[in-house]
Asker: 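Before we start, here is the structure in question, set down as structure tokens.
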Amino acid sequence: MTAVSVPSATTSFDLGPARALSCRECGNETPLAPEYACYECFGPLEVAYDFGRVRREDIESGPQSIWRYRSLLPVPTNVASHPNLEPGNTRLIEADRLAKALGLRKVWVKDDTGNPTHSFKDRVVGVALAAARELGFKVLACPSTGNLANAVAAAATRAGWQSVVLVPSSLEQAKILMTAVYDGALITIDGNYDDVNRVAQELAAENEDWAFVNVNVRPYYAEGSKTLGFEVAEQLGWRLPEQIVVPIASGSQLTKVDKAFRELGSLDLVEATPYKVFGAQATGCAPVATAFKAGHDVITPVRPDTIARSLAIGVPADGPYALDSVRRTGGTIEDVSDEEVVEGIRLLARTEGIFAETAGGVTVATAKKLVETGQLDPDAETVLLITGDGLKTLDAVSHKVGPKANVPPSAEAVINALKG
Ligand SMILES: *Cc1c(COP(=O)(O)O)cnc(C)c1O
Ligand SMILES: [Zn+2]
């Protein structure tokens, strides 16, 4: 690795509206820097802002990517002028056929499979890289459950940076190849994600010139998830939905979608109407759902065992904050079996023509369960976040779907097969 100067905490950085880092536990503030834990209490740090006046017109006339929201993100004003993957601006689809199948009046699907590396992780990595550049880094790194690996390797290459990506060796083949093809340094580790994450924490402490997107620059990275909330609100015509179902891995995305909705309301970009945030997990890795149902504030770690590998974080860093968001807004958290996940993938595909990865199956199946158990209001407008592409997890459905028939090359054989 090329040595770069270690970023200094005393330099002042141009990170747009970001003012400081503040501790989520004790509120202590520190200057903007590549830090992630509070000096006072070791609590996680979060970006604090001084937003100027932000107008809808300025956002609407911005780039067709997450950078249209740069005045709400910890990134330099000129962020869009550096080569980047231009993530975001994905479709919000009116999903009437899915709504009917689920027994809901109105459903919108936020289809984040349309991002450059086919998952929502391009959003968080885009913001992490932009902040990391300003903070003086030149190497992008991460521990990943798969999608983050794809996003980091691609974004680093596009920016002309080196990348170091660590993943569990049991990862889906598609996610390994989709990372390796960008030619960064990909290391597979014999262990689960939580083992990989522990190794990354050690490496981040020893290699201060590596920006581990979800470790030492995590406060900036996490803000990228707000763009999902911003986009949903803008695409609905600058208003908030009544219910939103969000998949949970570390829990970061869920808390930031909530934060985005609150910021839009407090900046008068939307009317601050009430909304409920619902969390979705796979039963084989449901530490946040379990804590929610038990009424606990602390999360008991689990050893993941589910086909939803992109959500398989047994020690979810933002789990307690996800619980806060869900409880404050009046939502709930449910979990679904691997069998239901596969059915969720198939239901979304056959009703709306969207092929989601297992995390999307978790969201759809959880929505179904939430309706059936009376937790989702069938009359309230509902948004489902579909965060990754089914081409990355083909194994999940390979034993369930396939050709109707294999026939000799004759029209008659095809007709007969269609009758059968
Ligand atoms: C990472 C990921 C999530 C959620 O991530 P959080 O850690 O909870 O922010 C959701 N869906 C997919 C496909 C992901 O890769
Ligand atoms: Zn603190």
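One-based numbering, in listed order, for ligands and for the atoms of each. Counting begins at 1 with the first residue of the sequence.
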Asker: With heavy-atom distances below 4.0 Å as the criterion, list the atoms of ligand 1 near S252.
Answerer: 6 (P), 8 (O), 9 (O)

Asker: May I ask you to check whether G251 has an N/O atom sitting below 3.5 Å from an N/O atom of ligand 1?
Answerer: yes

Asker: Quick one: list whatever passes ring-ring contact (aromatic ring centres under 6.0 Å, His included) with Y69, sequence neighbours left out.
Answerer: F230

Asker: Would you say R105's side chain and K100's backbone share a donor-acceptor pair under 3.5 angstrom?
Answerer: no

Asker: Main chain of N84, side chain of R158: is a donor-acceptor contact present, judged purely on distance under 3.5 Å?
Answerer: yes

Asker: Test your reading of the structure: does S250 have an N or O sitting under 3.5 Å from an N or O of ligand 1?
Answerer: yes

Asker: Between ligand 1 and S119, can you find any atom pair, the residue atom being a heavy atom, that is separated by under 4.0 Å?
Answerer: no

Asker: Under a 3.5 Å cutoff, is there a donor and acceptor pairing between the side chains of E46 and S22?
Answerer: no

Asker: Only heavy atoms of P247, strictly under 4.0 Å: list the atoms of ligand 1 that pass.
Answerer: 10 (C)

Asker: Just which atoms of ligand 1 are under 4.0 Å from any heavy atom in E357?
Answerer: 13 (C)

Asker: How close does the nearest protein non-hydrogen atom get to atom 4 (C) of ligand 1, and which residue and atom is it?
Answerer: Q253 NE2, 3.6 Å

Asker: Distance from D335 atom CG to C285 atom SG, nearest 0.5 Å?
Answerer: 10.0 Å

Asker: A249 to ligand 1: N or O pair under 3.5 Å?
Answerer: yes

Asker: Looking at side-chain heavy atoms only, is the closest gap between I93 and I354 below 4.5 Å?
Answerer: yes

Asker: Within ligand 1, which atoms have a heavy atom of L311 less than 4.0 Å away?
Answerer: 3 (C), 10 (C), 11 (N)

Asker: Enter the distance from D318:CG to S250:OG here, rounded to the nearest 0.5 Å.
Answerer: 5.0 Å

Asker: Closest by any non-hydrogen atom to atom 11 (N) of ligand 1: pick that one out of I386, T387, T393.
Answerer: T387

Asker: Give a yes or no on whether H296 atom NE2 has more than 12 heavy-atom contacts from other residues, nucleotides or ligands under 6.0 Å away.
Answerer: no

Asker: Taking atom OG of S163 and atom CG of L186, what is their separation to the nearest 0.5 Å?
Answerer: 8.5 Å

Asker: Listing by chain and number, which protein N, O or S atoms are under 2.8 Å from the Zn ion (ligand 2)?
Answerer: C23 SG, C26 SG, C38 SG, C41 SG

Asker: Do me a favour and list the nearest non-hydrogen protein atom to atom 1 (C) of ligand 1 with residue, atom name and distance?
Answerer: K121 NZ, 1.3 Å

Asker: Examine the side chains of W108 and E94 and answer whether a donor and an acceptor come within less than 3.5 Å of each other.
Answerer: no

Asker: Looking just at side-chain N and O atoms, do S169 and D190 make a donor-acceptor pair shorter than 3.5 Å?
Answerer: yes

Asker: Does ligand 1 have a heavy atom under 4.0 Å from the side chain of N147, from its backbone, from both, or from neither?
Answerer: side chain

Asker: Below 4.0 Å from ligand 1: does a non-hydrogen atom of S225 turn up there or not?
Answerer: no

Asker: For K121 and N115, test the side chains for any donor-to-acceptor distance below 3.5 angstrom and give the result as yes or no.
Answerer: no

